[in-house]
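Before any comments, here is the structure.
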Amino acid sequence: MIQARAYDDGAQAARVIHVVQGEHVVSGDPGAMLTTVLGSCVSACMRDPVSGVGGMNHFLLPGALAGQAHELERGVHAMELLINALLSAGARRDRLEAKLFGGARMMQNLSDIGAKNAAFAADFLRQERIACHSESLGGESARRIRYWPVSGRAKQLLLGQRERDVFAREITNAAAPAPSGADVEFFD
C-alpha cells in the first residue's frame, strides 16, 4: 500500500485520508474517511462488512499493458492491489461489496477514457463476482468522493463548471511547452 496523506478533521471528527491517482488505501479505523477527486479516473470503494475493513483505489487508465512503467495507474493493477490489501487486513473475498465512482467525460474533443474506465471497473467486478451495491459513473462532471471504509457509507459532490474548466486547462497546458526561463508556474 502506498503511504497516503492523512490528517484529523476536528469539524467532522474523522481521520481524513486523501487517495490520489495510482494509490489505494485500506483501513479498519471506524473514524477514517477516505476522499478523492475524480474526473475521468475511477475509484472502487470496497469493504467486508463482517470484518469491518474497507478501502479505496484511484486509477487513471483501464486494463494493463505488459511492461508498462506506470502500472499503478492501470485499472487491473489497482483493483488487484486493493483486493489483496483487503484480504491481508482480514476481509474475505466472498463478502466483499463495492461502490464505483468516476469515469466522467471531461473533454469533448478527446477520446472518452472515462467511459472506458467505467466499463472496465464494472466488468472487473462482474468477472470477479464482487457485488456492486451502487455506482455513479459517467456524465460530464468531476466528483469529490468521501468514503467511510468501515460502515460503507459514501458521499459524492458533483463539481461545477469552474472545476471542469480547471481540468480542461490542465490537460491543454500539459501538452504545451513551458515558456523559456519560467521557473514557477502559477495556476488558479
Side-chain angles (χ1 to χ4, degrees), residues 2 4-7 9 11-12 14-27 32-47 54-64 70 72-79 81-82 97-126 130-149 151-176 185-188:
I2 296 172
R5 285 132 321 273
Y7 63 92
D9 182 353
Q12 295 182 355
R15 183 169 167 259
V16 180
I17 305 168
H18 292 280
V19 182
V20 299
Q21 197 174 88
E23 290 184 346
H24 70 281
V25 174
V26 169
S27 179
M33 177 185 68
L34 309 180
T35 184
T36 196
V37 176
L38 304 166
S40 59
C41 294
V42 167
S43 279
C45 300
M46 289 189 213
R47 77 178 186 126
M56 172 192 279
N57 66 16
H58 180 151
F59 64 88
L60 173 67
L61 299 168
H70 301 340
L72 291 177
E73 297 173 348
R74 297 283 176 175
V76 170
H77 192 72
M79 296 298 269
L81 285 174
L82 178 59
E97 56 188 44
K99 295 179 180 183
L100 296 175
F101 298 95
R105 182 170 194 145
M106 299 305 297
M107 297 288 293
Q108 292 302 318
N109 57 345
L110 297 177
S111 171
D112 192 358
I113 192 66
K116 293 174 186 173
N117 284 335
F120 161 78
D123 288 344
F124 183 95
L125 293 178
R126 272 192 295 280
I130 296 172
C132 185
H133 285 226
S134 65
E135 63 183 49
S136 177
L137 299 167
E140 296 181 356
S141 294
R143 298 159 167 86
R144 179 179 308 281
I145 307 302
R146 292 180 174 173
Y147 180 66
W148 289 262
S151 71
R153 178 178 167 219
K155 288 178 79 174
Q156 168 183 265
L157 172 67
L158 294 178
L159 304 178
Q161 184 62 45
R162 181 171 183 261
E163 291 83 4
R164 283 196 301 274
D165 292 344
V166 170
F167 278 116
R169 281 194 307 272
E170 287 175 357
I171 291 169
T172 302
N173 292 339
E185 179 180 346
F186 293 96
F187 56 94
D188 51 35

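Along the sequence shown, the residues carry numbers beginning at 1. These numbers were taken from a predicted model, which means no experiment stands behind them. Because only heavy atoms are used, hydrogens play no part in the values below, and waters and symmetry mates are left out as well, while side chains stay in.
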| said: With side-chain contact (heavy atoms from CB on, under 4.5 Å) as the criterion, how do C41 and L60 come out once you've worked through the C-alpha distance, each side chain's angles and the decisive distance to 0.1 Å? | reply: CA-CA 5 Å; C41 294; L60 173 67; 3.7 Å; yes

| Full working for side-chain contact (heavy atoms from CB on, under 4.5 Å) between M46 and L125 | CA-CA 10 Å; M46 289 189 213; L125 293 178; 3.9 Å; yes

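Across every non-hydrogen atom of V42 and A118, the tightest pair is CG2-N, 3.8 Å. A pairwise comparison of heavy atoms in V37 and H58 identifies O-CE1, 3.3 Å as the closest pair. Scanning all heavy atoms of the two residues, the minimum distance from A104 to S141 falls at CB-O, 3.4 Å. Shortest non-hydrogen contact noted between A44 and M79 is CB-SD, 3.7 Å. The nearest pair of heavy atoms linking G152 to Y147 is O-CE1, 3.6 Å. Minimum heavy-atom separation, A32 to W148: O-CD1, 3.5 Å.
Here the straight-line distance linking atom CZ of R105 with atom CD1 of I113 works out to 11.0 Å at 0.5 Å rounding. The distance from atom CG of L100 to atom CG of N117, rounded to the nearest 0.5 Å, is 11.0 Å. Atom-to-atom distance recorded for E97:CD and S134:OG is 9.5 Å, nearest 0.5 angstrom.
Aromatic ring centres of F59 and F120 lie closer together than 6.0 Å.
Formation of a donor-acceptor pair under 3.5 Å by the R47 side chain with backbone atoms of S151 is found in this model. Of the possible polar contacts, none joining the N57 side chain to the L81 backbone as a donor-acceptor pair under 3.5 Å is found. Proximity of a side-chain donor or acceptor of S40 to a complementary backbone N or O of G103 within less than 3.5 Å is not detected. Here the side chain of T36 pairs a donor or acceptor atom with the backbone of V19 at under 3.5 angstrom.
Across I17, T35, I145, a single residue satisfies side-chain contact (heavy atoms from CB on, under 4.5 Å) together with M56, and that is I145.
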